[in-house]
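Below, each value reflects all heavy atoms present in this structure, side chains not excepted, and no hydrogens, waters or symmetry copies. Quick note on labels: first sequence line is chain A, next is B, and so on, each numbered from 1. On a predicted model such as this, the values are computed, not experimentally measured, just so you know.
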Amino acid sequence: MRPGRPAKLPVFSKDALRFASFAAIMAYQLYRNTTLGNSLQESLDELIQSQQITPQLALQVLLQFDKAINTALANRVRNRVNFRGSLNTYRFCDNVWTFVLNDVEFREVTDLVKVDKVKIVACDGKNTGSNAAE
Amino acid sequence: MASSANSNPVPKLYRSVIEDVINDVRELFLDEGVDEQILQDLKTLWESKLMQSKAVEGFHSEEQTLHAQPHQHAPQAQVQAHTQQVVLPSTHQAPQQQVIMQDPKVLQHMTVTGMSAAATAATLALPTGVGPYQQLITTNQGQILQVMRAPNGAQYILQPQQQVVLQQMQPGGVQAPVIQQVLTPLQGGIPQQTGVIIQPQQIVLAGNKVAQNTQVMQATAMTAQASQGAVQIQPQQQAAPPQAQTQQPQQQQAPAQQPPPMMLQVDGAGDTSSEEDEEEEDEYDEDEDEDKDKDGGEDGQVEEEPLNSGDDVSDEEGQELFDTENVVVCQYDKIHRSKNKWKFHLKDGIMNLNGRDYVFSKAIGDAEW
């Protein structure tokens, strides 16, 4: 052992580096405006109000929620839905599609749901996890 | 999974997401020195709100699974009463000042009975023993409901149409738009209190009957005896002229206090129609009819407001009387259009239809525009 020899830094493979950076990328915040997301936000707001947590911590929780819901939807849901209706409006801005449809029928194997009006907000699904958009 | 085809995947999915999130943030909580108990509080609050929303069928807490209850509504109903106790007191503390609506249209569309999150609203059965107060409760739609308890025990749920944008409370600031509503019915024995509409920094009180429309409320509030009012009027109100959005109520405010300055008008004089003006305008119109039409909205003249007010095609009023706005939040694989035939290829979505939650991994749709 020679004193003074600098320690070698561990060498990460390219894949490992990519993975590490990937984990730091934010997932879509798209799902925050859902029942699940809103109830989480409300709960966090209450805790902030009563000063039990800091807003910063709440934000971290929401970011974690984004990751969890994106992963869960991608991996744990396996069903198909079909729908048909008439398109009232469409918008494509910042790579987000927003549609408003009227008189829509949503059909799953098991059941059928009809609504007069529905709004669809869709983010780009090609490169999931690489954007922070809602 | 060898589950039956009829099993609803939503509760399981939500449950698993909650577990994942709670477990993942446990470390964060510890790092910040926040107690584990608060983490459990978060989880409890989260679950209770989900149950309250009734958006998920058969959603149950882990405690109930220990009791091996079936996924019925009965446990939900029992838990609702309990969870409301949990929820309400904390929301009661929410200072109203933090709720800010920046859209002046909110006032026009507010109705006492309108609720877009009917599920949530329906569960807000406030305990009758509680005295009058205001609550701000965010619903699962992200809107703020204001629940008023009147002295006579009646409840009013006021629902803003727009989503709330949080927070800029500028203390003493001139333009901090704080809008609140205070409604109390006027009963015989009750000292006349607040019938209030609030526009930026204005709180006008008058005793009157509750009306469904805030405009009406404003009108009736103003017509109520002026002697009643002005208990809480902020000094800024007299200084700052009301915004252009205000209409008659502003004029009727005059008896209530010092006559406020008239609406700021930036398009010059010549509002009312006199014969001379009409003649001139007519000639002007013939020549530049198109321009006048286009600028019709910008003139802002009093006469033209009624003409242009019907131009807005707003479907919103039809829907807001009812239920949730049906929303699908997802990602798109491919959106295709051919002439007016659209095809949608979507994935990983959460839907809220007719108050219920659904999920899908893939959705394919057709629509004609």
Side-chain angles (χ1 to χ4, degrees), chain A residues 28 30-31 33-36 38-47 49-50 52-54 57 60-61 64-65 67-74 76-87 90 97 99 101 104 106 108-110 113 115-126 128, chain B residues 5-6 9 13-14 16-17 20-21 24-25 28-29 32 34 38 41-42 45-46 49-50 53 55-56 90-91 93-94 138-142 315 319 325-333 335 342 344 346-354 357-369:
Chain A
Y28 278 135
L30 175 69
Y31 302 102
N33 188 23
T34 58
T35 314
L36 194 60
N38 281 323
S39 46
L40 176 59
Q41 292 193 75
E42 290 168 24
S43 309
L44 288 169
D45 284 342
E46 286 180 23
L47 291 181
Q49 281 309 317
S50 57
Q52 291 176 289
I53 63 175
T54 64
L57 182 59
Q60 295 295 321
V61 174
Q64 195 58 44
F65 167 78
K67 291 194 184 122
I69 189 70
N70 273 279
T71 312
L73 282 174
R76 283 180 225 150
V77 183
R78 283 281 170 263
N79 62 326
R80 264 183 62 149
V81 165
N82 290 310
F83 62 94
R84 178 179 298 275
S86 53
L87 186 61
Y90 55 89
W97 277 106
F99 304 104
L101 278 73
V104 197
F106 288 86
E108 204 168 347
V109 177
T110 45
V113 180
V115 295
D116 289 335
K117 176 185 172 196
V118 66
K119 175 190 244 186
I120 301 182
V121 180
C123 288
D124 195 345
K126 282 163 206 147
T128 46
Chain B
N6 284 336
L13 178 75
Y14 283 9
S16 73
V17 169
D20 285 347
V21 172
D24 288 337
V25 301
L28 286 171
F29 271 56
E32 291 240 347
V34 179
I38 298 179
D41 286 346
L42 173 65
L45 281 171
W46 194 359
K49 283 185 202 291
L50 274 173
S53 76
V56 187
S90 48
T91 56
Q93 295 169 6
T138 21
T139 72
N140 60 345
Q141 296 297 321
D315 321 349
Q319 269 75 28
E325 160 147 343
N326 305 300
V327 179
V328 176
V329 175
C330 58
Q331 299 173 28
Y332 60 89
D333 277 329
I335 304 291
W342 289 71
F344 314 95
L346 310 170
K347 69 175 187 184
D348 295 345
I350 299 181
M351 309 194 282
N352 186 284
L353 305 172
N354 296 329
D357 271 8
Y358 306 86
V359 293
F360 62 82
S361 62
K362 259 187 165 4
I364 299 189
D366 287 283
E368 240 181 71
W369 179 73

- Query: Between B:Lys362 and B:Asp333, does at least one N-O distance fall below 4.0 Å, as a salt bridge requires?
  - Reply: yes
- Task: Tell me, out of A:Gln64, A:Gln60, A:Gln41, A:Glu108, who's got the most heavy-atom pairs with chain B below 4.5 Å.
- Result: A:Gln64
- Query: Any chance the rings of B:Phe360 and A:Phe106 have centres within less than 6.0 Å?
  - Reply: no
- Note on the structure: Per-residue tally against chain B (heavy atom, under 4.5 Å) across A:Tyr90, A:Phe65, A:Phe83 peaks at A:Phe83
- B:Val359 versus chain A, heavy atoms under 4.5 Å apart: side chain, backbone, both or neither? both
- Segment of A:Thr71 engaging chain B (4.5 angstrom heavy-atom cut-off): neither
- Compare all side-chain heavy atoms of B:Val329 with those of B:Asn352 and state whether any distance is below 4.5 angstrom. no
- Task: For A:Asn70 and A:Tyr28, indicate whether the former's side chain and the latter's backbone hold a donor-acceptor pair under 3.5 Å.
- Result: yes
- Task: For each of A:Leu57, A:Leu47, A:Leu44, tally heavy-atom pairs with chain B at distances under 4.5 Å, and name the one with the top tally.
- Result: A:Leu57
- Interface moiety of B:Leu28 toward chain A, non-hydrogen atoms closer than 4.5 Å: both
- So which part of B:Asp366 gets closer than 4.5 Å to some heavy atom of chain A, the side chain, the backbone, both or neither? both
- Query: Tell me, side chain or backbone of A:Val113 under 4.5 Å from chain B's heavy atoms, or both, or neither?
  - Reply: side chain
- Side chain, backbone, both or neither: which part of A:Leu40 has a heavy atom under 4.5 Å from chain B? both
- Message: Counting heavy-atom pairs under 4.5 Å with chain A, which one of B:Tyr332, B:Phe344, B:Trp369 comes out on top?
- Response: B:Tyr332
- Measure B:Leu42 against the heavy atoms of chain A and call it side chain, backbone, both or neither at under 4.5 Å. both
